[in-house]
Amino acid sequence: MLRFLFVVFLGALVARGLLPDHVVVVYNADSKRSEQCAQAYCNKRSIPAEQCVGLHAGKGETISRQTFDTSIRYPLLQIAREKQWELPALKASGLVPVYALVLMPDMPLRVKEDAVPGRKSTYMTQNCASVDSEIMLLGSRYDIKGPLNNPFFNKEEEMVAARPPVLAVCRIDAPDDASIRRMIQFPAEVEKRGLWGWTVVDQGGPYKQGDGTFSAIARMAVEQGQPLFHEESRKVLPPAFPLMLDTSVYFGWYTNPAYGPFHPKTHADFRFAPGAIACHLHSFSGTSIKSGATWIGALLQRGAVVTVGNVYEPLLAGCVRFDIFYDRLLKGCTVAEAALVATPWISWQNVVLGDPLYRPFAQLGRHQGESGNVFEQWSKLVIATGGNRAGLIQSIQPQLARSEGAQLMEMLAWHLAEQKDYATAVECFGQVARRAQSERNRLRAQLLQASVAFLGKDERYGRQLMQRLLETTRQSPFRPAVQTTAETFMPELRPAPAPKPAAQKK
């Protein structure tokens with residue numbers, strides 16, 4: 001309870017941070033769509049017209065270092081002087097302070113590697129980078145070879161008060177116009193009521209350091225009363241998995257290209273909740289914004305409005321730290337502030353997609369009484385009971401007959417599974433399956449009931465449940481998820497490997 005009150009108090013403090021007057025909008029003057037989107041975003045966020053500027057940046061996502069300098073860096077510095085903007089690296093009194101910059105659709109994405117005569121380039125001294133990461137240092141003097149440490153990394157200070165020497169840079173772009181419109185329209189509307197929904201953490205990557213990040217996110221979600229779907233196996237969510245349609249936060253790793261319920265060609269339809277934040281950790285998650293096969297493209301097309309990616313190989317230590325990003329968002333920071341603090345290296349490979357002014361959790365903790373949605377109800381129950389198993393069960397059982405009863409029971413089932421109370425979680429998932437009103441929700445509950453039975457060492461019951469699912473889902477669009485999950489727990493179902501061709505004698 002005390003931790004919760006502290007976070008709410010801190011959130012109230014940072015809510016006075018980044019404002020529209022602090023943001024510069026940059027569009028590509030060679031793209032009519034880019035200019036139109038810039039105008040729409042400025043109107044939505046009440047950003048002054050003089051802080052919306054166009055650059056003749058040409059076409060294509062990849063540019064040379066020389067083109068970056070002549071079409072982006074130098075023109076921006078000239079415009080800043082003309083408009084009397086105070087950039088973080090060029091502090092001066094009496095000027096208009098700028099703390100964040102947002103790039104609009106069709107601005108170049110990547111600065112390619114340029115060979116330097118007489119210098120042998122190693123991986124850590126290469127000069128390729130994202131356009132966004134280079135703009136963070138606008139006005140700075142620095143050697144362009146390899147990453148630089150972000151001086152504001154993991155700071156607890158409020159950005160506008162601390163005035164870090166680097167810009168916070170985001171961009172609004174996606175593979176299609178509908179996704180771009182969501183990125184412009186949804187954040188300002190969703191933050192009025194707050195972002196509510198499931199937090200999905202798909203853990204189980206190849207490196208212990210990365211897995212620690214996802215464990216931390218899961219802990220934070222539980223502490224804040226966010227309903228948590230926590231997958232800890234080494235396998236990612238399978239194709240056509242019936243994920244909840246009110247998923248508002250997703251963090252996962254480690255596969256490429258986009259996979260599972262987010263795959264652009266999956267047969268089982270999935271969309272995130274409005275205003276969702278979704279990030280997948282992979283070295284090449286952001287090599288293109290125009291393709292739905294990359295993770296950033298796929299997540300945006302599935303309805304997310306905020307994501308992050310890497311345009312080239314960043315190394316794990318150079319990736320945006322998802323746990324820090326999530327922590328600062330929960331504390332009420334904007335996307336721009338949270339991303340800046342979560343970025344360890346600059347002049348490097350990261351790109352942040354989303355409205356820099358979006359504050360998704362500004363309403364966290366400000367419950368609306370009995371009129372609150374089911375996610376607020378769950379949050380209040382967790383806070384009131386301290387997450388205690390017996391207290392939650394006692395509170396939820398009387399509500400099962402209500403329309404939101406099955407949702408609360410599923411939240412409870414996951415909460416119990418997170419506490420390793422597998423036997424009770426199996427019972428709860430069974431109740432969810434019996435009360436579910438859609439095939440998606442029923443099959444998900446049945447899949448999880450069987451999976452948790454296996455985790456709880458009740459293999460006999462798990463096999464019984466899984467066999468029943470295999471028999472009843474032959475024509476279901478979610479069949480691939482059932483088959484993959486069954487093969488995970490019942491190895492004998494896996495297809496036999498193809499025999500190797502016999503060696504031929506010479």
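This chain uses plain numbering: 1 for the first residue, then up along the sequence. These numbers were taken from a predicted model, which means no experiment stands behind them.
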Ignoring hydrogens and geometry, is there a side-chain-to-backbone donor-acceptor pair from [X] to [Y] under 3.5 Å?
{"X": "T334", "Y": "Y358", "answer": "no"}
{"X": "E61", "Y": "I289", "answer": "yes"}
{"X": "Q126", "Y": "T122", "answer": "no"}
{"X": "T484", "Y": "A481", "answer": "no"}
{"X": "T247", "Y": "V249", "answer": "no"}
{"X": "S285", "Y": "L281", "answer": "no"}

* Can you list every pair that meets salt bridge (charged side-chain N to carboxylate O under 4.0 Å, His left out) and has a residue in residues 173-184, with sequence neighbours left out? ->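 Pairs touching residues 173-184 that pass the test: R33-D177, D173-K290.
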
Identify each donor-acceptor pair in which a side-chain atom of residues 317-325 lies under 3.5 Å from a protein atom, sequence neighbours left out, and give them as a table.
residue : atom : partner : partner atom : Å
R321    : NE   : D323    : OD1          : 2.9
R321    : NH2  : D323    : OD2          : 3.0

* Asked: Can you tell which of V306, V102, V305 makes a side-chain contact (heavy atoms from CB on, under 4.5 Å) with V335?
  ->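 It is V306; the other options fail the test.
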
Under 4.5 Å between any side-chain heavy atoms of [X] and [Y], yes or no?
{"X": "W414", "Y": "F429", "answer": "yes"}
{"X": "M104", "Y": "R171", "answer": "no"}
{"X": "Y326", "Y": "T199", "answer": "yes"}
{"X": "T488", "Y": "M466", "answer": "no"}
{"X": "S248", "Y": "W196", "answer": "no"}
{"X": "C333", "Y": "V341", "answer": "no"}
{"X": "L392", "Y": "W378", "answer": "yes"}
{"X": "P147", "Y": "M124", "answer": "yes"}

Return the [atom1] to [atom2] distance between [X] and [Y], rounded to the nearest 0.5 Å.
{"X": "D327", "Y": "K331", "atom1": "CG", "atom2": "NZ", "result": "4.0 Å"}
{"X": "L381", "Y": "L412", "atom1": "CG", "atom2": "CG", "result": "9.5 Å"}
{"X": "L109", "Y": "S130", "atom1": "CG", "atom2": "OG", "result": "7.0 Å"}
{"X": "H230", "Y": "D202", "atom1": "NE2", "atom2": "CG", "result": "8.5 Å"}
{"X": "R442", "Y": "T473", "atom1": "CZ", "atom2": "OG1", "result": "9.0 Å"}
{"X": "L470", "Y": "L465", "atom1": "CG", "atom2": "CG", "result": "11.0 Å"}

Is it true that [Y] and [X] share a donor-acceptor pair across their side chains at a distance under 3.5 Å?
{"X": "Q407", "Y": "D246", "answer": "yes"}
{"X": "S233", "Y": "E231", "answer": "yes"}
{"X": "Y41", "Y": "D355", "answer": "yes"}
{"X": "N388", "Y": "T385", "answer": "no"}
{"X": "S379", "Y": "Q226", "answer": "no"}

Report, as yes or no, whether the 6.0 Å neighbourhood of atom [atom1] on [X] holds more than 12 heavy atoms from other residues, nucleotides or ligands.
{"X": "Q419", "atom1": "CD", "answer": "yes"}
{"X": "K155", "atom1": "NZ", "answer": "no"}
{"X": "E492", "atom1": "CD", "answer": "yes"}

For [X] against [Y], the heavy-atom pair lying closest together:
{"X": "M183", "Y": "A174", "answer": "SD-CB, 4.1 Å"}
{"X": "P238", "Y": "P261", "answer": "O-CD, 3.4 Å"}
{"X": "E487", "Y": "P495", "answer": "OE2-CD, 3.9 Å"}
{"X": "T294", "Y": "S288", "answer": "OG1-O, 3.0 Å"}
{"X": "R193", "Y": "P274", "answer": "NH2-CB, 4.4 Å"}
{"X": "P227", "Y": "M411", "answer": "CB-CG, 3.6 Å"}

Taking the six-membered ring for Trp and the full ring for Phe, Tyr or His, determine whether the centres of [X] and [Y] are under 6.0 Å apart.
{"X": "F478", "Y": "F241", "value": "no"}
{"X": "F229", "Y": "W198", "value": "no"}
{"X": "F272", "Y": "F262", "value": "yes"}

* **Qualifying side-chain hydrogen bond (donor to acceptor under 3.5 Å, both in side chains) pairs, either residue in residues 270-283, two or more places apart** =>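 Passing the test, one end in residues 270-283: Y250-H280, Y254-S283, D269-R271, S283-E313.
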
* Asked: Knowing that exactly one of N310, T343, D132, N150 qualifies, which makes a side-chain hydrogen bond (donor to acceptor under 3.5 Å, both in side chains) with N350?
  ->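 Of the listed options, the one satisfying the test is N310.
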
* **side chain to side chain contact (heavy atoms under 4.5 Å, CB included) assessment of R359 paired with L195** => CA-CA 9 Å; R359 211 182 294 271; L195 180 63; over 6 Å; no

* To do: Evaluate the criterion salt bridge (Lys or Arg N to Asp or Glu O under 4.0 Å) for residue pair E439 and R444; output intermediate values, then yes/no.
  => CA-CA 8 Å; E439 182 187 21; R444 181 178 64 253; over 6 Å; no

* Step-by-step side-chain hydrogen bond (donor to acceptor under 3.5 Å, both in side chains) determination, R479 to Q483 -> CA-CA 6 Å; R479 174 69 182 195; Q483 187 68 39; 3.2 Å; yes

* Asked: For L243 and L237, what are the C-alpha separation, side-chain angles and deciding distance, and is it a side chain to side chain contact (heavy atoms under 4.5 Å, CB included)?
  -> CA-CA 9 Å; L243 198 62; L237 292 173; 4.2 Å; yes

* Asked: In a check of salt bridge (charged side-chain N to carboxylate O under 4.0 Å, His left out) between R328 and each of E156, E157, E337, E158, which one passes?
  ->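 With R328 as partner, E156, E157, E337, E158 yield a single salt bridge (charged side-chain N to carboxylate O under 4.0 Å, His left out), made by E156.
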
* Candidate pair L353 and V308, rule side chain to side chain contact (heavy atoms under 4.5 Å, CB included), full reasoning -> CA-CA 6 Å; L353 280 293; V308 303; over 6 Å; no

* Asked: Is R463 salt-bridged to E459, cutoff N-O under 4.0 Å?
  ->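 Salt bridge between R463 and E459, a charged N being under 4.0 Å from a carboxylate O: yes.
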
* To do: Please work out whether the ring planes of F214 and W253 are parallel, tilted or perpendicular, with thresholds of 30° and 60°.
  =>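 It falls in the parallel class, under 30°.
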
* **Derivation of the side chain to side chain contact (heavy atoms under 4.5 Å, CB included) call for Q203 and S215** => CA-CA 8 Å; Q203 199 169 323; S215 294; 2.9 Å; yes

